[in-house]
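This structure is a prediction, so every number in the text was calculated from the model and none was measured. Labels below follow one simple rule: chain letters A, B, ... track the order of the sequence lines, proteins then strands, and each chain is numbered from 1.
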Amino acid sequence: MKKFVNDPRNFVPEMLTGIALANPDTLTYVPDYNLIMRADAPRQDKVSIIQGSGSGHEPAHVMVVGKGMLDGACPGDVFAAPPMEYVLETAKLLRSDKGVLLLVNNYTGDKMAFEMAQELAEAEGMNVKTLFINDDVAVQDSTWTVGRRGVAGNFFVMKAVGAAAEEGAELDEIVRIGEKVNSVTRTMGIALTPCTPPAKGSPLFELGDDEMEVGVGIHGEPGRRRAKLVSADEIVDELLGAVVPDLPYESGDEVALMINGLGGTPISELYILYGIAHRKLEEKGIKVWRSYVGEYCTSLDMAGASLTLVKMDDEIARLLEAPAEIAIRVF
Amino acid sequence: MKKFVNDPRNFVPEMLTGIALANPDTLTYVPDYNLIMRADAPRQDKVSIIQGSGSGHEPAHVMVVGKGMLDGACPGDVFAAPPMEYVLETAKLLRSDKGVLLLVNNYTGDKMAFEMAQELAEAEGMNVKTLFINDDVAVQDSTWTVGRRGVAGNFFVMKAVGAAAEEGAELDEIVRIGEKVNSVTRTMGIALTPCTPPAKGSPLFELGDDEMEVGVGIHGEPGRRRAKLVSADEIVDELLGAVVPDLPYESGDEVALMINGLGGTPISELYILYGIAHRKLEEKGIKVWRSYVGEYCTSLDMAGASLTLVKMDDEIARLLEAPAEIAIRVF
Amino acid sequence: MTQERVEYVMRTITDQCIENERYFSDLDSVAGDGDFGYSLARGFENVRDQWDGFDRADAGTFLQKVAVTMSGRIGGTSGPIWGTAVLRAAGVVKGKHDVSGDDVVAMLRAAVEGIKARGGADLGDKTLIDALVPMTDAIERELAAGSSPADVARAAATAARTAADATKELQARRGRAAYTGERSIGSVDPGATAVAVLAEKIAEGW
Amino acid sequence: MTQERVEYVMRTITDQCIENERYFSDLDSVAGDGDFGYSLARGFENVRDQWDGFDRADAGTFLQKVAVTMSGRIGGTSGPIWGTAVLRAAGVVKGKHDVSGDDVVAMLRAAVEGIKARGGADLGDKTLIDALVPMTDAIERELAAGSSPADVARAAATAARTAADATKELQARRGRAAYTGERSIGSVDPGATAVAVLAEKIAEGW
Ligand SMILES: Nc1ncnc2c1ncn2[C@@H]1O[C@H](COP(=O)(O)OP(=O)(O)O)[C@@H](O)[C@H]1O
Ligand SMILES: Nc1ncnc2c1ncn2[C@@H]1O[C@H](COP(=O)(O)OP(=O)(O)O)[C@@H](O)[C@H]1O
Ligand SMILES: [Mg+2]
Ligand SMILES: [Mg+2]
Ligand SMILES: [Mg+2]
Ligand SMILES: [Mg+2]
């Protein structure tokens, strides 16, 4: 395993310690619940926004805590939903008069932990709402699964509800906004290599030298199909072919276009994909409103990328453009 | 080769096309010279700052063009210095009454191309200065090489001279600042895996499953030694052991601490390294002034990291804190 | 059976879940995300570390403490699922020191109901339910036939193993493996297999 | 030799640098950064594409156009090094249509001086200079001995190859490979080997 790690069991706490030390003025770390929270939270004049989910998707979600984004993130271990206790205690620590919003990527484990926590928090008299994110078009809806997965599109939901909360919006209004953004956001990913969870120490799945996994999940879940590795042009066709008709995004629409790296792919390649996708969208008459290129929601060291579209309107544009300050920064 | 790429020969132009399409309002792309420049450059009231160097180190340098940073970057192919012609034509396009500063990472090819370009630009009556960056402590000074290499520490030089230029400083003053920042900046890197240049299609060197390359160069150049892969704690000891005594950084000093990812290492691991390094520095009485964690100067998809220290003073702090706006952004 | 027996069963589960960390995770790598063993091991290490301090007022209280200790640390799907299962089982023997064969059956039925309620899965969805239900049926049968406790335990283990192996033929309909659709067919369910491993170890040491 | 011969030599260099892209890059992967073949190939593809349009007023003008066309596209160390070499050689035969044996020697000496001035390397630093100098010496010797042009070309190739192979024993003191220190010993220098390959092809087709 080619990783910078001490005891793999301490992977998450050591990462969280690093984040806290790197941002001493703005973030607080509560080791008992894997919690990274804004140093100035909770504020009684704003709704508290909380994300959970497993670790291994950094910068999501612990590194997007900050002004205009999350008030707190309480991740579980790598690829494991947080224990219910973490969510409950986090909600209590971030209790606000204006309410608490729990953002949940739609997976069985996360759903159960957050729903249990919500029940118990409500029993303690808190005003808590839960919002599910499920932008991954790779998984078809089905009564058998919990439905579509939440992947990189969660960034847009976090950004929008974070901005609304910062402006002082009420909980119900924030839920409306989050649901709207989620409803116009679609993502599809592709893996070129597997990822290696630190505790496992070996790749999560196998992929031939000339193979790719189309529609891969951010926990290495198999996608729609395994195929021969093709050119960047053809890959973008495949991703757009899955994403565009799903909403559908149509000629005349304006979209935010995200090319998200899954961890092991360098940003040079992400920009190659971006350029191709941008051109192909414009060929379809779909206008790119703004670009988002980089790592937003990763799968450890997996080489791969996902493409996300958000159909824009004035309200969403305003919220996405609102200022925000988080741990992830260049300067 | 697990890459998003069409024809590997078009790797750099396709990447540059993507960058330009992603930032239509702020950047201009001049395909003839692989040039990404600020849309508002040149401005006659400020010195133009230009970087060249090979590609494959993104975000350095094409993605740090923007307000408060570079006016233009004209990279060569992957790991190859730009042809002299690119540098010369870029200098001409960015010609400013206040002068042009060429930033050069100290490698044979870059040095030759930039020196030739400077000579020719001066012959055309331009006011051009060249500044060499050489922060890599892995390579010992020697009369046989061109000396120490420029690696991730170049970010701090770019940031400082970019800020000074934005404030309207004169060329000589900017050179003084750049040389000062370079003189207090030291870096050491470590590779866990090789990288794969797209045109080559296979890994540049071999590294056993349990090996690491200590002091690796950002073009995959061998480092000080090859060693058994050890824990994150021990790796930080190794990096600090090389960097700290070199300046030296001493008890009472304040430093900027950068943990730079080399391309294939996820940010979770970079924060693990950061946390360890931060603690160990404070144990030595060296205070961390500000953290820089992420990818600044990569080596394609190489798994690995480098550690950079900059000894702070008030002038450097002010310049590093000055606002800047570049292609690399979260929002 | 005595409260000591209950402790023996819980202790065997605890030790086995720690010992089989890698094996359980490897099972979860085939169609899942490879963390099943890790999650259980972290939760049960917590149980092991606090073992001596648990309130042993009665069997129900003891199991409840175990459930809370365990699920505070198990993330993923298994945290809520296993936590709910043990909690529900604990409820059945609240206040009791002696646990009858019928109690055991009732505890297991309650656990299964809890799991179904929590995660929406049912028999045939390729989860641990597919091992728990046939195992419980076997226990009920053997008890009715008047078998010795050791024989009951052995029959339970056999039924669990057979059922766990049979999950190979099923298509996953719940949890992460469900995303793989038909590709989940051909490998056993990690949760069901864990139940079989635990039942076998319990029978062995009876 | 005629200007056509000069063109033949330049054309062989051009074709070979394109053809040997992978081989030259592989050589550069051992102690360098693996782009040597790529850089040359891109530069000489440019030469090939513009071949028919070059100003052929005289041998010097022709070579100068080639040098500019090539070095406009070759990055890395090889751009300035090869560009300077060909430019300097062009200077020697400026205005000439016929190129004598002595001219060839003078062109090669000028090229070497240009390379030294540009990159600061000298004989023994493990660069292409270590093949160019013995090759030039051999040409001078054969010319003095009155050998036929084909024999001169053969002797040049042999000398270049022997010298290129001998770079294996040297420690790199210039360029990227110098960073590897003693680890550069044991593999041949890519630049010197390229010179040998080119000299051999030129001799073959003479
Ligand atoms: N909805 C569900 N109800 C009951 N059991 C489930 C459900 N989903 C998954 N499981 C069980 O959980 C096991 C996987 O556990 P775990 O690896 O902790 O989950 P995940 O990593 O998907 O969150 C499966 O093998 C299955 O037996
Ligand atoms: N300073 C120098 N002077 C002359 N030749 C050099 C020098 N440095 C390197 N070379 C030659 O250049 C070759 C490598 O070229 P190239 O791969 O283009 O360089 P790089 O990738 O290091 O910029 C070496 O094999 C050597 O023959
Ligand atoms: Mg999991
Ligand atoms: Mg190079
Ligand atoms: Mg799992
Ligand atoms: Mg090279």
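Side-chain N or O atoms of E124(B) include none that pairs as donor or acceptor with a backbone N or O of E122(B) at under 3.5 Å. H57(B) places a side-chain N or O within donor-acceptor distance of the main-chain N or O of T298(B), the cut-off being under 3.5 Å. Using a distance-only test at 3.5 Å, with no hydrogens or angles considered, no donor-acceptor pair links the side chain of T265(B) to the main chain of G261(B). Between the side chain of N34(B) and the backbone N or O of P75(B), at least one donor-acceptor pair lies under 3.5 Å. Under a 3.5 Å cut-off, the side chain of S184(D) and the backbone N or O of A172(D) do form a donor-acceptor pair. Between the N260(B) side chain and the S306(B) main chain, no donor and acceptor come within less than 3.5 Å of each other.
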For this session: Applying side chain to side chain contact (heavy atoms under 4.5 Å, CB included), run through V93(D) and F62(D) and close with a yes or a no.
Result: CA-CA 10 Å; V93(D) 291; F62(D) 170 72; over 6 Å; no

Exercise. Given M37(B) and I50(B), is the side chain to side chain contact (heavy atoms under 4.5 Å, CB included) satisfied, shown in steps?
Worked result: CA-CA 9 Å; M37(B) 55 184 269; I50(B) 297 172; over 6 Å; no

For this session: Under the side chain to side chain contact (heavy atoms under 4.5 Å, CB included) rule, what do E89(B) and D32(B) come out as? Steps first, then yes or no, please.
Result: CA-CA 9 Å; E89(B) 297 301 328; D32(B) 280 351; over 6 Å; no

For this session: Give the intermediate values and the outcome of side chain to side chain contact (heavy atoms under 4.5 Å, CB included) for residues M158(B) and Y296(B).
Result: CA-CA 11 Å; M158(B) 289 188 283; Y296(B) 288 85; over 6 Å; no

For this session: Evaluate side-chain hydrogen bond (donor to acceptor under 3.5 Å, both in side chains) for D110(B) paired with S53(B), printing each intermediate quantity in order.
Result: CA-CA 6 Å; D110(B) 299 84; S53(B) 131; 4.8 Å; no

Problem set entry | CA sep, side-chain torsions, deciding dist, call: D135(B), N154(B), side-chain hydrogen bond (donor to acceptor under 3.5 Å, both in side chains) | CA-CA 8 Å; D135(B) 54 313; N154(B) 63 21; over 6 Å; no

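Proximity to chain D is limited to the side chain of Y86(B), based on heavy atoms less than 4.5 angstrom apart. Using a 4.5 Å cut-off between heavy atoms, S29(D) contacts chain B through both its backbone and its side chain. In this structure, chain D has heavy atoms under 4.5 Å from both the backbone and the side chain of Y107(B). For chain B, no part of S78(D) is nearby; none of its heavy atoms comes within less than 4.5 Å. Of the atoms belonging to R226(B), heavy atoms from both backbone and side chain fall under 4.5 Å from chain D. With a 4.5 angstrom heavy-atom cutoff, P8(B) touches chain D only via backbone atoms.
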Let me check something: any side-chain donor-acceptor pairs from residues 162-169 of chain D under 3.5 Å, sequence neighbours excluded? List them with distances.
from: T162(D); atom 1: OG1; to: T158(D); atom 2: O; distance (Å): 2.8
from: T167(D); atom 1: OG1; to: A164(D); atom 2: O; distance (Å): 2.5
from: T167(D); atom 1: OG1; to: D189(D); atom 2: N; distance (Å): 3.0

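Counting non-hydrogen atoms of neighbouring residues, nucleotides and ligands closer than 6.0 angstrom, the NZ atom of K2(B) exceeds 12 such neighbours. Summarising the local packing, CD of E4(D) is surrounded by 12 or fewer heavy atoms from other residues, nucleotides or ligands at distances under 6.0 Å.
Of residues 5-26 of chain D, those residues lying under 4.5 Å from chain B by any heavy-atom pair are E21(D), R22(D), D26(D). Scanning residues 41-52 of chain D against chain B with a 4.5 Å non-hydrogen threshold yields R42(D), E45(D), sorted by number. Residues of residues 194-206 of chain D lying under 4.5 angstrom from chain B, judged on non-hydrogen atoms, do not exist.
Counting heavy-atom pairs closer than 4.5 Å to chain D, the top residue among P197(B), G223(B), G109(B) is G109(B). By number of non-hydrogen pairs under 4.5 angstrom with chain D, the leading residue of R149(B), R224(B), E206(B) is R149(B).
With respect to the salt-bridge test (charged N to carboxylate O, under 4.0 angstrom), the residues D301(B) and K3(B) qualify.
Between T61(D) and D58(D), the side chains place a donor N or O and an acceptor N or O closer than 3.5 Å (distance only, hydrogens not considered).
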